[in-house]
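Everything below concerns the one structure shown next.
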Amino acid sequence: MEISKYNFKTIEEKWQKFWLDNKSFESKINAEKEKFYCLEMFPYPSGKIHMGHVRNYAIGDVLSRYKTLNGFNVLHPMGWDSFGMPAENAAKQNKTNPKTWTEQNVETMKIQLKQLGLSIDWDREISTCSETYYKHQQKIFLELYDKGLVYRKESYVNWDPVDQTVLANEQVIDGKGWRSGVNVERKKLNQWFFKITHFAKELTDDLKLLENWPDKVKTMQKNWIGKSFGCEIDFEISGSNNVKSIKCYTTRPDTLFGLSFLALSIDHPISKYYNKSDDFIKFKDECSKTGTTEESLAQAKKIGFKTDLIAINPFNRNIKVPVYFANFVLMDYGLGAVFGCPAHDQRDLDFAKKYKLDVKTVVRPNDSDDTYLVKDEAYTGTGVICNSEFLNGLKVPSESISKTIEILEQKKLAVRKTNYRLKDWGVSRQRYWGCPIPIAYDENNKIIKIPENQLPVKLPDNVDINSNGNPLDKQDDWKNIIIGGKKCIRETDTLDTFVDSSWYFLRFCSSNNKVEPFNKNEVNYWMPVDQYIGGVEHAILHLLYSRFLMRAISLENKDIDIKEPFNGLFTQGMVCHETYRDEENNWLSPEDVFSKDGKEYFLINKKNQKVKVGPSESMSKSKKNTIDPQNMISQYGADAVRFFILSDSPPEKDVQWSDDGMISSFKFIQKFWILNEKIIKITSLKDFHDENIELNIFTNRAIDKINKSLEKFRYNLIISTSHEIYSFFSKAIETNKNFKNLRENFEKILIVLIPVIPHLANECLEKLNYDKEIIWPRVDNKYLDDEKIKFVIQINGKKKFVIDVEKNIEEKKAINQVQESGLLKKYINNKKFVKTIFVKNRLINYIFD
RNA sequence: GGGGCGAUGGCGGAAUUGGUAGACGCGUUGGUCUUAGGAACCAAUAUGGCAACAUGUGAAGGUUCGAGUCCUUUUCGCCCUACCA
């Protein structure tokens with residue numbers, strides 16, 4: 001018997017060409033068919049694909065192919081999130097320009113993705129840095145502006161005084177600019193904002209509708225939006241001609257009798273009365289030093305600046321307390337003013353201790369314990385109100401908060417208020433490589449929308465990105481324009497790249513539409529995305545922004561009324577690898593080290609030098625623990641890589657890269673090919689043997705398992721089932737018997753393996769001369785159930801032995817059968833029988849005393 | 001400080017959702033075939049014990065006829081977030 005070796009290279013190329021030539025994955029509206037929109041988060045074109053991409057797109061591809069084979073009309077597109085800072089940085093380093101750099105990367109990565117054999121409709125490819133994409137985004141921006149969802153205001157940025165540039169939070173390391181290494185300053189700039197807070201309530205409430213999202217992500221979003229109930233209390237102020245009252249937001253009005261100070265943000269409007277005071281200016285400087293994003297200083301000491309103001313407790317006008325400016329009060333949450341109740345808030349307590357303010361206990365855990373006093377730790381738990389006149393005895397928090405608000409409202413001292421932590425989305429970036437904001441300013445600095453006929457605002461090509469600051473700002477010929485005969489200056493900020501990725505799923509519905517961002521019929525047919533797949537690191541911002549933009553676009557829109565863009569969400573885990581370091585603690589690549597026993601590692605070029613092995617961590621360039629997918633594909637083929645990356649770990653968990661595992665997957669592909677060759681040989685024999693029922697039983701069960709694994713996103717179980725399939729069929733054909741049903745069963749198996757190993761499975765089918773339509777096989781339930789089942793016999797809850805019984809056996813019959821077996825005797829001895837517990841088709845538990 | 005997730009053999013991980021713990025893969029050991037094997041195939045592989053059997057899912061309790069799975073406490077690890085009034 002001649003068996004050819006599986007040449008993955010030519011065969012994978014052959015099928016990829018076939019799919020391309022036949023437009024196998026082209027998607028068109030078809031009202032007859034049920035649609036399925038499968039979307040994986042599109043990549044940033046950083047250079048070449050990494051293992052995280054491979055995993056992400058392998059998962060999505062399995063699902064897409066599965067749905068297609070089940071008769072769905074599948075949309076499975078791909079694009080490039082191609083604006084963003086790395087392009088600018090790379091361009092500076094390599095002395096090219098961001099556009100060339102980006103386009104080259106896209107080309108490389110596209111070839112790589114194609115090599116993975118993904119079922120992508122490449123005709124719908126989009127790239128956010130292309131004018132054909134961002135010109136529509138500018139229209140959307142202006143539409144939102146007209147709807148009142150876009151506005152401009154002053155806000156703080158991280159400013160690098162050396163590079164003269166704005167830094168993103170992640171570029172600020174230990175309070176210093178990542179490139180310049182000098183202390184970052186806070187600077188106020190005029191910036192554009194999207195009014196995401198307009199939808200704060202909806203964005204929280206509608207999380208309930210997202211049944212196919214992981215709870216984890218929903219919780220994170222909920223916490224991020226941060227809804228809280230409370231009230232705004234008006235405090236009367238004495239001691240000043242300027243200030244008559246200050247409003248504070250609180251969720252704990254019930255602790256009002258514990259008031260011992262008011263604290264204001266340094267940006268509170270009242271601060272203007274103190275801006276002439278040198279002491280106050282000094283204090284402000286002090287605050288801005290510690291006030292940025294750093295973790296270490298987050299727990300910084302609480303400091304305050306005492307004013308001459310005196311606040312009066314509205315519940316008891318005899319209680320008069322000082323007013324401070326304090327570094328721990330934020331202007332952009334609530335009202336930028338809080339009342340301090342040290343006994344029941346740790347921050348307030350820290351502050352009160354420092355400035356020797358009163359600490360009055362007004363909640364005690366237990367009503368009977370009237371000696372309870374708060375000392376070193378604020379008490380925030382449940383209990384009962386005390387020392388609070390007419391509030392005494394109220395249960396905390398069930399009665400106390402609502403009751404107190406009622407009283408305050410009656411006395412017109414406060415209004416009920418729901419607050420959100422969520423802030424409006426700042427979309428201005430002082431950068432070149434982004435979508436230009438379609439706005440200009442006239443000589444009076446009045447905002448002018450770029451008129452329709454002057455759109456799109458194109459990003460100029462030849463700018464100097466090597467000098468400091470925002471390159472567009474220095475591009476005078478671009479910046480200065482005439483609108484309606486008037487001289488104007490363009491907005492030189494570009495849009496946050498999160499804007500690009502907040503509507504790309506809509507663009508995919510009409511990728512090639514030159515006139516509009518998307519066509520309403522196409523969007524209404526394909527949207528929402530049925531399954532969105534990507535990393536959990538986007539659980540908050542990207543997903544929240546997309547949910548916002550979908551609502552913003554649907555607002556006052558008679559053509560489109562979609563609120564949630566992603567019906568189903570799946571967050572996949574990371575790809576991890578051990579980390580290696582040399583004696584000087586420099587990171588080493590897996591390619592630089594070797595091991596004989598898998599325990600001790602040595603340098604490959606200095607064989608006697610030991611390597612320190614660290615824990616397995618998410619693959620990252622900085623730790624050098626990456627494996628290049630390209631090498632793996634070239635060495636082992638796409639099917640083997642797909643097979644491996646889906647094996648072992650369930651997709652939502654991290655997966656460990658293992659060279660042995662990779663090789664084992666490669667061997668599986670080879671073995672499976674040989675199995676197919678053998679089956680071709682056997683089934684070409686003319687003498688048929690009787691049906692082998694075992695084949696039907698096994699095949700149906702295997703397919704049933706795979707179906708269930710697919711539905712539950714447990715793709716790792718498809719891999720283990722594949723191994724079982726291999727070993728079952730290898731055994732089944734050992735006798736060289738051509739069972740009547742061998743071929744038909746094996747063909748079914750090949751079809752269900754298409755999603756994971758599409759090249760091999762298709763090639764095997766072709767070699768078997770399979771000429772019917774390739775559709776997902778139906779499971780015949782009659783093969784799923786056993787006639788006989790293994791029945792467990794327990795004594796006092798512990799398994800002792802197993803007997804074979806017929807299915808659905810009655811309790812009495814089962815007990816008889818146990819008795820007849822005679823196996824029970826030896827466990828009984830002299831123990832006293834109490835009762836039996838019978839679980840149908842499972843077990844009998846004999847209870848003895 | 002807040003929130004989330006997790007802990008099962010030497011390793012990655014299964015377990016019909018409260019009912020035979022360890023599927024499948026890797027590794028290891030033994031064997032077959034080989035000039036050779038880091039190839040292929042076969043077998044074994046949770047622990048202790050010759051065995052019968054006993055013990056075993058981070059730890060300690062609890063509920064139950066029965067717990068990897070439910071409850072309470074606790075330890076450790078990872079991720080997200082940052083003074084949210």
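Here the structure is a predicted model, which is why all the values come from computation and not from measurement. In the text below, chain A, chain B and the rest are named by the order of the sequence lines, each starting its count at 1. Atoms considered below: every heavy atom in the structure, side chains included; atoms not considered: hydrogens, waters and symmetry mates.
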If you apply the rule ring pair (Phe, Tyr, Trp, His ring centres under 6.0 Å), what do you find for A:His538 with A:Tyr545, and how did you get there? CA-CA 10 Å; A:His538 294 112; A:Tyr545 292 156; over 10 Å; no
Going through the checks in order, is the ring pair (Phe, Tyr, Trp, His ring centres under 6.0 Å) test met by A:Phe668 and A:His723? CA-CA 8 Å; A:Phe668 177 85; A:His723 285 288; 4.9 Å; yes
Would you please test A:Trp657 and A:Asp659 for side-chain hydrogen bond (donor to acceptor under 3.5 Å, both in side chains) and show each step? CA-CA 7 Å; A:Trp657 180 268; A:Asp659 292 338; 2.9 Å; yes
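Residues A:Tyr420 and A:Thr204 approach most closely at CE2-OG1, 4.1 Å, considering heavy atoms.
Rounded to an integer number of Å, the gap from OH of A:Tyr846 to C1' of B:rG19 is 16 Å. B:rG66 atom P lies 14 Å from atom NZ of A:Lys800, rounded to whole Å. Per the geometry, NZ belonging to A:Lys708 stands 17 Å off P belonging to B:rA14, to the nearest Å.
OP1 or OP2 of B:rA85 has not a single side-chain nitrogen or oxygen of A:Arg421 nearer than 4.0 Å. Proximity of A:Tyr333 to the phosphate of B:rA85: a side-chain N or O atom is located under 4.0 Å from OP1 or OP2.
Judged by a 6.0 Å distance limit and a 45° cone about the ring axis, A:Lys302 is not positioned over the six-membered ring of A:Phe351. At least one cation-pi condition fails for A:Lys417 and A:Tyr249: the charged atom is not both under 6.0 angstrom from the six-membered ring centre and inside a 45 degree cone around its axis.
Using Watson-Crick or G-U wobble geometry with both donor-acceptor distances under 3.5 Å, B:rG10 finds its partner in B:rC26. Base pairing of B:rC41: its partner is B:rG31, meeting the Watson-Crick or G-U wobble criterion (both donor-acceptor distances under 3.5 Å). Pair check for B:rA82 finds none; no Watson-Crick or G-U wobble contact set falls under 3.5 Å. Here B:rG19 sits opposite B:rC65 as a Watson-Crick or G-U wobble pair (both hydrogen-bonding atom distances under 3.5 Å). With a 3.5 Å ceiling on both atom-pair distances, the Watson-Crick or G-U wobble partner of B:rC5 is B:rG77. Taking a pair to require two hydrogen-bonding distances under 3.5 Å in either a Watson-Crick or a G-U wobble arrangement, B:rU55 pairs with B:rA46.
Across all strands shown, A:Ser649 has heavy atoms under 4.0 Å from sugar-phosphate atoms exclusively, and none from any base. Among the protein residues, A:Val329 comes within range of the nucleic acid bases, having at least one heavy atom under 4.0 Å from a base atom. Using a 4.0 Å heavy-atom distance criterion, A:Ile847 is classed as a sugar-phosphate-only contact. Contacts of A:Ser647 with the nucleic acid, taken as non-hydrogen atoms under 4.0 Å apart, are absent. At a threshold of 4.0 angstrom between heavy atoms, the contacts of A:Lys671 are confined to the sugar-phosphate backbone, with no base atom among them.
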Pairs under 3.5 angstrom, nitrogen or oxygen only, protein versus nucleotides 3-6 of chain B, please.
residue	atom	partner	partner atom	Å
B:rG3	O2'	A:Asn223	ND2	3.0

Short heteroatom pairs, N/O only, protein and nucleotides 20-23 of chain B, under 3.5 Å:
residue	atom	partner	partner atom	Å
B:rA23	O2'	A:Glu724	OE2	3.1

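For B:rU8, the O4'-C1' to base torsion is more than 90° from 0; the nucleotide is therefore anti. Glycosidic conformation of B:rG9 is syn; the angle stays within 90° of 0.
Residue A:Lys835 places no side-chain atom within donor-acceptor reach of the base of B:rC65, judged by atom type and a 3.5 Å distance cut-off alone. Not a single donor-acceptor pair, N or O on each side, falls under 3.5 Å between the base of B:rC26 and the side chain of A:Asp660.
By the 30° and 60° cut-offs, the orientation of the rings of A:Phe848 relative to A:Tyr846 is parallel.
Among the nucleotides B:rC84, B:rA85, B:rC80, the one closest to the side chain of A:Arg347 is B:rC84.
Separation of atoms CD1 (A:Ile703) and CD1 (A:Ile725) is listed at 7.5 Å; rounding is to 0.5 Å.
Checked against A:Val779 for a side-chain contact (heavy atoms from CB on, under 4.5 Å), the options A:Val752, A:Thr699, A:Ile706, A:Asn707 give a single hit: A:Asn707.
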